[in-house]
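Atom set for the values below is all heavy atoms of this structure, side chains included, hydrogens, waters and symmetry mates excluded. Labels below follow one simple rule: chain letters A, B, ... track the order of the sequence lines, proteins then strands, and each chain is numbered from 1.
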Amino acid sequence: MYELLKQEGAARRGQFTTVHGTVQTPGFMNVATCGAIKGALSAYDLQAIGCQVMLCNTYHLHVRPGDALVGELGGLHRFTGWQGPILTDSGGFQVFSLAGLRKIREEGVTFSSHVDGRRIFMGPEESMQIQSNLGSTIAMAFDECIENPAEYHYVRESCLRTVRWLERCKAELQRLNCGEDTRNPNQLLFGINQGGTYVDLRMEHMKTIAEMDLDGYAIGGLAVGEPKEEMYRIISEVEPYMPKRKIRYLMGVGTPGNILEAVRRGVDLFDCVMPSRNARHGHLFTMQGIINLNNKKYERDEQPIDSSCSCPSCRGHSRAYIRHLFKAQEMLAMRLCVMHNLHFYNTLLEKIRAALDGGSFEAFYSQYVTVLDQRI
RNA sequence: GGGAGAGUUCCCGAGCGGCCAAAGGGAGCAGACUGUAAAUCUGCCGUCAACGACUUCGGUGGUUCGAAUCCACCCUCUCCCA
């Protein structure tokens, strides 16, 4: 259940209560596609970096180790050791990212497994069954994340199909939640807005799904190649049609600046692989901007990654040391950097919440919106 | 002392008369990354006044229109026999 606590312009401060705990919003969800944050972080580490929600992936866990196995072992919470809220993405993004390996039909999508090539069929029902087996707190509707650019006609047909798929998802999850052996009878369902870069299709689609009384509403299919101004415009245009009393999630976004802009336009939840992936590649986020620790200029830099940061990595580790660990290909380099970047994202959202609480979000926004995405 | 083999650009290592500034790795330097097929991928990597020029393949001479590639001697290293 979403509760709106305070508003500054379109920006919302709220909280979202689930059976696995309450999420303070705006909030960031930490991506653990295969049940773990890449970079050797355990569920225990998630507490240290201020994680509120863990995000796992339906397709990936279905391929390996198999949702039946996870279910048999008590579901994702027990399996991973993370007791807080878990959101499972539906596999819709893989319809986009595994484009070369799949075929879309009305019933669903056939994938060639990226692991062993075997054929995998996933439609709305299958996606819900898998997510039910996984026992996540929040299930995402199975959608088609459309590539960009795409033809108007194709996008319109795809949106209509995504609506039909959403109806099937909702019906299937209701059925599963009533089952006797269900892992989480309270499993929630979020719908996903699509429409590419066509504002009229976006609005029409949003209006349609807004009437379906879902537990939350996501905007998908953004940050897939379009200019960021276009993404901001689409969020602004679609936002008025999103239910005010439901939580709103912008999928897969983004840079710290993107997040600030989206919060300002009324978004509550985010997830992104950028902090973890970039960390593994030596790119670190700080309140002063972005640094690349691989650069020679940090060879003798005794400062921590970010002097104003209180994460475990910034306590007692210098840039010079972590740079050395990268060059020596020590796993600790990635671990320290992933912890820092995720701590940074979770803390950034915490700062945004504090600003909203204090009525100073606009000031915070203008101070940091350009600084944070800058290379220094 | 005798015999066999090897010395290539920062390192390893291909090349064995022109298509060679010299394959491929590695190292180094820089860039990308947005619901993760990503500890990945891309670019640069002899020098310069740079769509061209110059200097490189242990050293010195030589053969040839042309040599990293062939010949002679020398230096260094490795292995085998004494």
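Among the protein residues, A/D271 comes within range of the sugar-phosphate backbone only, with heavy atoms under 4.0 Å from sugar or phosphate atoms but none that close to a base. Nucleic acid contact for A/I192: base, since at least one base atom lies under 4.0 Å from a heavy atom of the residue. At the heavy-atom level, A/G221 lies under 4.0 Å from base atoms of the strands shown. Among the heavy atoms of the strands lying under 4.0 Å from A/D143 is at least one base atom, whether or not backbone atoms are also near. Counting non-hydrogen atoms under 4.0 angstrom, A/R102 reaches nothing in the nucleic acid. At a threshold of 4.0 angstrom between heavy atoms, the contacts of A/L101 include nucleobase atoms, whether or not backbone atoms are also involved. A/C145 comes within contact range of at least one nucleobase, with a heavy-atom separation under 4.0 Å. Among the heavy atoms of the strands lying under 4.0 Å from A/H60 are primed sugar atoms or P, OP1, OP2 only; no base atom is included. Contacts of A/E299 with the nucleic acid, taken as non-hydrogen atoms under 4.0 Å apart, are absent.
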Taking it one step at a time, do A/E125 and A/R168 satisfy salt bridge (Lys or Arg N to Asp or Glu O under 4.0 Å)? CA-CA 7 Å; A/E125 289 78 14; A/R168 285 163 57 186; 2.9 Å; yes
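In this structure, the nucleotide among B/G35, B/C29, B/U36 sitting nearest to the side chain of A/S276 is B/U36. Distance from the side chain of A/L98 is smallest for B/A37 among the nucleotides B/A37, B/U34, B/C29.
If you check distances only, the side chain of A/H281 never reaches the base of B/C41 with a donor-acceptor pair under 3.5 Å. Side-chain to base pairing of A/N295 with B/G31: no donor and acceptor N or O lie closer than 3.5 Å to each other. Put simply, the side chain of A/S97 and the base of B/U36 share no donor and acceptor less than 3.5 Å apart. On a pure distance criterion of 3.5 Å, no polar donor-acceptor pair joins the side chain of A/E144 and the base of B/G35.
Phosphate contact (OP1/OP2 of B/U36, side-chain N/O of A/N57, threshold under 4.0 Å): present. Between A/R375 and B/A32 there is a side-chain N or O to OP1 or OP2 distance below 4.0 Å. Applying the 4.0 Å criterion to OP1 and OP2 of B/G35, one finds that A/Q94 has every side-chain N and O outside that range. Using a 4.0 Å cut-off, no side-chain N or O of A/Q194 falls inside it from OP1 or OP2 of B/G35. Applying the 4.0 Å criterion to OP1 and OP2 of B/C29, one finds that A/K327 has a side-chain N or O inside that range. Residue A/R280 places none of its side-chain N or O atoms closer than 4.0 Å to OP1 or OP2 of B/A32.
B/G59 and B/C10: their P atoms are spaced 13 Å apart (whole Å). Taking atom C1' in both B/U36 and B/C44, the straight-line distance is 28 Å, to the nearest Å. Rounded to whole Å, the separation between the P atoms of B/A53 and B/G58 comes to 25 Å. For the P atoms, the distance from B/A22 to B/A27 is 23 Å, rounded to whole Å. Across B/A68 and B/A23, the matching P atoms stand 15 Å from one another, rounded to whole Å. Using atom C1' as the reference point in both B/C54 and B/U63, the two lie 26 Å apart (nearest Å). Distance check on atom C1': B/G7 versus B/C16 gives 15 Å, rounded to whole Å. Comparing the same atom, P, in B/U40 and in B/G25 gives a spacing of 15 Å after rounding to whole Å.
Proximity of the aromatic rings of A/H205 and A/Y198 is defined here by a centroid distance below 6.0 angstrom, and this criterion is not met. For A/F96 and A/F93, the gap between ring centers is short of 6.0 Å.
Nucleotide B/C19: unpaired (no Watson-Crick or G-U wobble partner with both distances less than 3.5 Å). Checking B/C70 for Watson-Crick or G-U wobble geometry (two distances, each under 3.5 Å) identifies B/G62 as its partner. Across all strands shown, B/A6 forms a Watson-Crick or G-U wobble pair with B/U76, both key distances being under 3.5 Å. The pairing partner recorded for B/G1 is B/C81, the criterion being a Watson-Crick or G-U wobble arrangement whose two distances lie under 3.5 angstrom. Base pairing of B/C57 is not made with any nucleotide, judged by Watson-Crick or G-U wobble geometry with both donor-acceptor distances under 3.5 Å. Base-pair partner of B/G52: B/C48 (Watson-Crick or G-U wobble, both distances under 3.5 Å). Across all strands shown, the partner of B/U42 is B/A30, judged by Watson-Crick or G-U wobble contacts whose two distances both fall under 3.5 Å.
We find that CZ of A/F96 is positioned 11 Å from P of B/U36, with the value rounded to whole Å. For the pair A/F285 CZ and B/A32 C1', the computed distance is 12 Å after rounding to whole Å. Atoms CG (A/L41) and P (B/A39) sit 14 Å apart, rounded to a whole Å. One atom, NE2 of A/H283, and another, P of B/A32, lie 6 Å apart when rounded to the nearest Å. In this structure, CZ of A/F111 is placed 12 Å from P of B/U36, rounded to the nearest angstrom. Rounded to whole Å, the distance from CZ on A/F326 to P on B/A27 is 15 Å. Protein atom CG of A/N294 is 11 Å distant from nucleotide atom C1' of B/A39, rounded to whole Å. In this structure, CG of A/N292 is placed 8 Å from C1' of B/A30, rounded to the nearest angstrom.
Among A/R248, A/R264, A/R12, the one residue that satisfies the salt bridge (charged side-chain N to carboxylate O under 4.0 Å, His left out) test with A/E239 is A/R248.
Side-chain atoms of A/R280 never come within 3.5 Å of backbone atoms of A/V338 as a donor-acceptor pair (strictly under, hydrogens ignored). Under the 3.5 Å distance criterion, the side-chain polar atoms of A/R265 are left unmatched by any main-chain donor or acceptor of A/A10.
Criterion: ILVMFWY side-chain heavy atoms under 4.5 Å apart, direct or through other members. Under it, A/M29 and A/L342 are not part of a common hydrophobic cluster.
Closest-nucleotide positions on RNA chain B for A/V224 and A/M331 were compared, and the one nearer the 5' end corresponds to A/V224.
Looking at A/E144 and A/S158, their side chains do bring a donor and an acceptor atom within 3.5 Å of each other.
For the pair A/R323 and A/Y298, the cation-pi test (distance below 6.0 Å, angle within 45°) is failed.
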